[in-house]
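A short worksheet on the structure shown next.
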Amino acid sequence: MSDSEDMPLAARKRQQADNAPTTDDDNIDSGSDSDTPLGKRRRPAVRKKVIEDDDVVQSSDSEVPLVKRVRTAERKSYKEDSDDDGDASYKSSDSDTPLAAKKAPSAKTNGTSKSSPSTSKTNGNKGTSGKKVAPKIKEESSSDSDAPLAKKASTKKDTPSKSAAKSSKSTKVKSEPIEAKLSSKKRAKDDTDSKSKVKKVKKEEEEEEEDDDENENAWWLNNTEQDDTVKWKTLSHNGVYFPPPYVPHGVKMLYDGKPVTLAPEVEEVASFFGALLYTEHAENPTFQENFFKDFSKLAKKHKTVPEIKSFAKCDFTLMYEYFQQEKEKKKLMTKEQKQALKDEKQALEEMYGTCYLDGRKEKVGNFRMEPPGLFRGRGKHPKTGCLKLRVLPEQVTLNLSKDAPIPKAPEGHKWQKIVHDDTKTWLATWKENVNDSTKYVFLAAGSSLKGQSDFKKFETARELKKCVAGIRKAYMADLKDKKMFIRQRATAMYLIDRLALRAGNEKGEDEADTVGCCSLRFEHVTLEKPNIMHLDFLGKDSIRFQKTMEVDDQVFKNIRLFKREPAQEGDELFDRLKTSELNKHLQSLMKGLTAKVFRTYNASFTFQDQLQKLTPAKGTVAEKLLAYNRANREVAVLCNHQRAVSKGHALQMDKIVDKIRALKYQKMKLKQTILTLEPKLKKKRPEFTEPESDLEDDWIGEHEVQLMAKEREKVKAKWEKENEKRKENKEKPMTEKELKEMLKEVDAREKELAKERKSGVVPGGKGATVEKCEAQLLKLDERIAATRTAMVDKEENKQTALGTSKINYIDPRISAAWCQKYDVPLEKIFTKTLRDKFKWAMTVDADWEF
DNA sequence: CCGAGGACTTAGCACCTACGTT
DNA sequence: AACGTAGGTGCTAAGTCCTCGG
């Protein structure tokens, strides 16, 4: 294959794809699928990959949802040269084994084995051959696969009617949005003249529902039907808060060793860097470079003397020190000062932190404009360190009701624009200069708007639970499809489902090189016979995903197949799969299904499953919490949620290791005592002669020194205490001499220890017997084991972030139900903010199930 | 009719603070 | 009381998904 070598691989590949001559078999249904978006154009084969004709294909063909298959049939078949393979050997094999049964992907996690009832549903599509029908198919499949009634029933409260109604409307689907829009427009108009009305209504609602704020927003208690394209009827707020203007501190930077006077604007930017000195950012060459480019340019603009040309000559340490001092000062502030700051903050929240949505008071999330600074891109972001400019009101657009008062822009400024778009949830938006991306001010996580979409998210995941078995079966079958495209898609689905990978959209060159499922490249996957796969790549936030697992044989085969060929680094593993196509397919299997739903589903499912397995019904609250956290961690590991290891971690681990050693030391002593008491046992019980692992002489010596030091301290403390007592009682205090006397005992013991160490003869305390010693040995073993587990626990936890899964992936209703069932106070599990965010989920019964 | 970019969720890190420890 | 630490929260970057608009 020819190609322009210098263009980025991915791009090249894509181009090739487009140019490639189309082959025949598109024909199949090509004609008709004109309306299916998919139908458009396949991405022809770039490098031809071959697939052996699995006989299996045919047979399975008939039972699996065909829709897709047919529709995509066009995608070029690669049957051409088939032969190749070692694949042949694999033959048909196991396609039908329910996934679940098969191997557990990563050692941990996985779970998911139950097949849920709806398995076969997906087949509903079957009959609908061909193209064209896409929309209809969707409807059909969704309605039949998800018997709305059944499922909704379990949800109680919320929306049964809503969704059921929707799905049954099928035919109208398309027109809905339009209607909605129209009506919303109308409404908006009405609103203008009916502001007062709205207010009245609000009052009524309050009274009716509950009079306190708490329940005013309890949307989950209402069954009201909603249209989700319209997000609000009325919206008013106070705009956004801008950070105060820069106040120069006058601290100089040194250039070439000499202090330089900087214009305030320049000083500000220098300070951004100064504040970061000695952090990883400031040490990062890309960061430095980007910073310096912007900084020197700015300095030049302000005619800084001398001209700043070399980063190496810049010295920001004075500024750094100044900031350190400022921090200290802040710590030393009086209570009143601190209180004043707090009050100020409070006032801001009052002003900007709340808004009115449909007359209800709601919290605003990020009402503070992002202050200027240096862009802190993660991983190897090419733009990390670039100057992020101050945002002016002139760049900010506000969104609110037509009739709502327009917040005043800061003195001497005006807003960029005011809009009244009730289909958007944002209150304000602006464009950021570094990556040219759009930023928004949204409502807080605890708001009804966010709550509703959270709820919807989990409901979709529960929907998936019902049909996941069928979907799995289908993609397992597709793993052997003749069409490369379908094979790739099925393989990707497998990875997404089993390994909780993200979809993996394409990324630009101005971003860090990270990947997800669809964007995996050859170098990220290695195979090891017979069916081991290693994945190693940087995912979102440049977090490394590194796991080794057994995979299904066919998956193994497929990946080998994809990798074969001019498998060069940089080539995409799934070269003809794009997330949009994948999602389109998923949508057809279940309404609302996209790649990310698998993560939500698998996370929540795993959590519930683990929780159920781990919770000791009769345990203490602490034990239950431990189980909860373990289940949580299971999920975090599944989703690969990581965090930086805390700086004290190594030290803490060392301490634990030492603790274990100390226990081992005790064991050693006991064993020696036993042998001293009963030398005969040397032969009979060889384990008593065996040295403890990991106990070196040096360490023992040191340990004993420490032990003695502690003893001495104890003695001294005792002596001091005694003296205090005597003082109170007006008795004569003990003398230093007496203290020395007491310490002599320790000295003696120390000598003993030294002797024991040499001879190995350890008489033990009074009344020591072999039996007693053995009992103690057992206890020590237990303690060691426990400490070890704690250590492992801690070690694993050091890199695992539990928060993300708790906040985003685990259906809070599982937790709420669990708390009820096991009588654990909710606040042990959810912080205040989480309780607030999840208030919609707190009303479930103890037997609620995900 | 496809890709750029809009809108919204998910993510880890940097603080800050409340708390337990010494 | 000072200290250190873990947990909680705020911040904003980085994803996903899908809709526009050229």
Note to self: Can you measure A:Phe323 atom CZ to B:dA14 atom P for me and round it to whole angstrom units?
What the structure shows: 17 Å
Check: Base, sugar-phosphate, or nothing for A:Tyr809, non-hydrogen atoms under 4.0 angstrom?
Finding: sugar-phosphate
Check: Looking only at side-chain N and O atoms, does A:Lys330 come under 4.0 Å of OP1 or OP2 in B:dC16?
Finding: yes
Next item on the list: Check the pair A:His381 / A:Phe375 against ring-ring contact (aromatic ring centres under 6.0 Å, His included), numbers first and verdict last.
Entry: CA-CA 10 Å; A:His381 193 117; A:Phe375 174 68; 5.0 Å; yes
Check: Considering heavy-atom distances to DNA chain B, does A:Thr804 or A:Tyr440 have its closest nucleotide positioned more toward the 5' end?
Finding: A:Tyr440
Note to self: Less than 3.5 Å apart, any donor N or O on the side chain of A:Thr397 or A:Gln416 sitting next to an acceptor on the other?
What the structure shows: yes
Note to self: B:dC8, OP1 or OP2 - any side-chain N/O from A:Thr425 closer than 4.0 Å?
What the structure shows: yes
Notebook entry, point to check: 5'-most contact on DNA chain B: A:Lys431 or A:His281, nearest heavy atom basis?
Noted result: A:Lys431
Check: Between B:dG6 and A:Thr438, is there an OP1 or OP2 to side-chain N/O distance shorter than 4.0 Å?
Finding: yes
Next item on the list: Specify the separation, in whole Å, of atom NZ of A:Lys596 and atom P of B:dC8.
Entry: 13 Å
Item checked: B:dC8 phosphate, OP1 or OP2, under 4.0 Å from A:Lys424 side-chain N/O -> no
Next item on the list: Could you pull out all residues at least two apart from A:Phe273 that satisfy ring pair (Phe, Tyr, Trp, His ring centres under 6.0 Å)?
Entry: A:Phe291, A:Phe311, A:Phe316
Check: A:Leu593 CG to C:dC18 P: how many Å, rounded?
Finding: 10 Å
Checklist line | Rounded distance (Å) that lies between atom C1' of C:dT19 and atom CG of A:Asn583 | finding: 14 Å
Item checked: Short side-chain donor-acceptor distance under 3.5 Å, A:Glu280 and A:Asn284 -> no
Item checked: Among B:dA11, B:dT9, B:dC13, the one nearest A:Ala644 by side-chain distance -> B:dC13
Next item on the list: Check the distance between C:dG8's P and A:Asn632's CG and give it to me in whole angstrom.
Entry: 12 Å
Notebook entry, point to check: Would you say the side chains of A:Thr579 and A:Asn505 form a donor-acceptor pair under 3.5 Å?
Noted result: yes
Next item on the list: Can you figure out which of C:dC18, B:dT9, B:dG12 approaches the side chain of A:Ile543 most closely?
Entry: B:dG12
Next item on the list: Using whole Å, report how far CG of A:Leu443 lies from C1' of B:dA7.
Entry: 14 Å
Item checked: Rounded interatomic separation in angstrom, taking NZ from A:Lys342 and C1' from B:dT17 -> 9 Å
Mind listing the N/O atom pairs, protein and nucleotides 2-6 of chain C, below 3.5 Å?
unit_1: C:dA6; atom_1: OP1; unit_2: A:Gln652; atom_2: NE2; d: 2.7

Check: A:Gln587 side chain N/O closer than 4.0 Å to the phosphate oxygens (OP1, OP2) of C:dC18?
Finding: yes
Margin query: The test is salt bridge (charged side-chain N to carboxylate O under 4.0 Å, His left out); show your working for A:Lys584 and A:Glu581 and say whether it passes.
Written below: CA-CA 5 Å; A:Lys584 222 168 266 171; A:Glu581 294 168 292; over 6 Å; no
Item checked: Annotated protein contacts, base or backbone, on nucleotides 9-15 of chain C with a non-hydrogen cut-off under 4.0 Å, one of B, S, - each -> S-SSSBS
Notebook entry, point to check: Which salt bridge (charged side-chain N to carboxylate O under 4.0 Å, His left out) pairs, counting each pair once, include a residue from residues 423-438 of chain A, with sequence neighbours left out?
Noted result: A:Asp421-A:Lys424
Notebook entry, point to check: For residues A:Thr514 and A:Lys507, is any side-chain donor paired with an opposing acceptor at under 3.5 Å?
Noted result: yes
Notebook entry, point to check: Please, which pairs that meet salt bridge (charged side-chain N to carboxylate O under 4.0 Å, His left out) have at least one residue in residues 373-391 of chain A, sequence neighbours excluded?
Noted result: A:Glu268-A:Arg390, A:Glu370-A:Lys388, A:Arg378-A:Asp541, A:Lys383-A:Asp510
Note to self: Please determine whether a side-chain nitrogen or oxygen atom of A:Ser453 lies at a distance below 4.0 Å from atom OP1 or OP2 of B:dT9.
What the structure shows: yes
Notebook entry, point to check: Residues in side chain to side chain donor-acceptor pair (under 3.5 Å) with A:Asp654, at least two apart?
Noted result: none
Notebook entry, point to check: Could you give the NZ-to-C1' distance, from A:Lys584 to C:dT16, as a whole number of Å?
Noted result: 15 Å
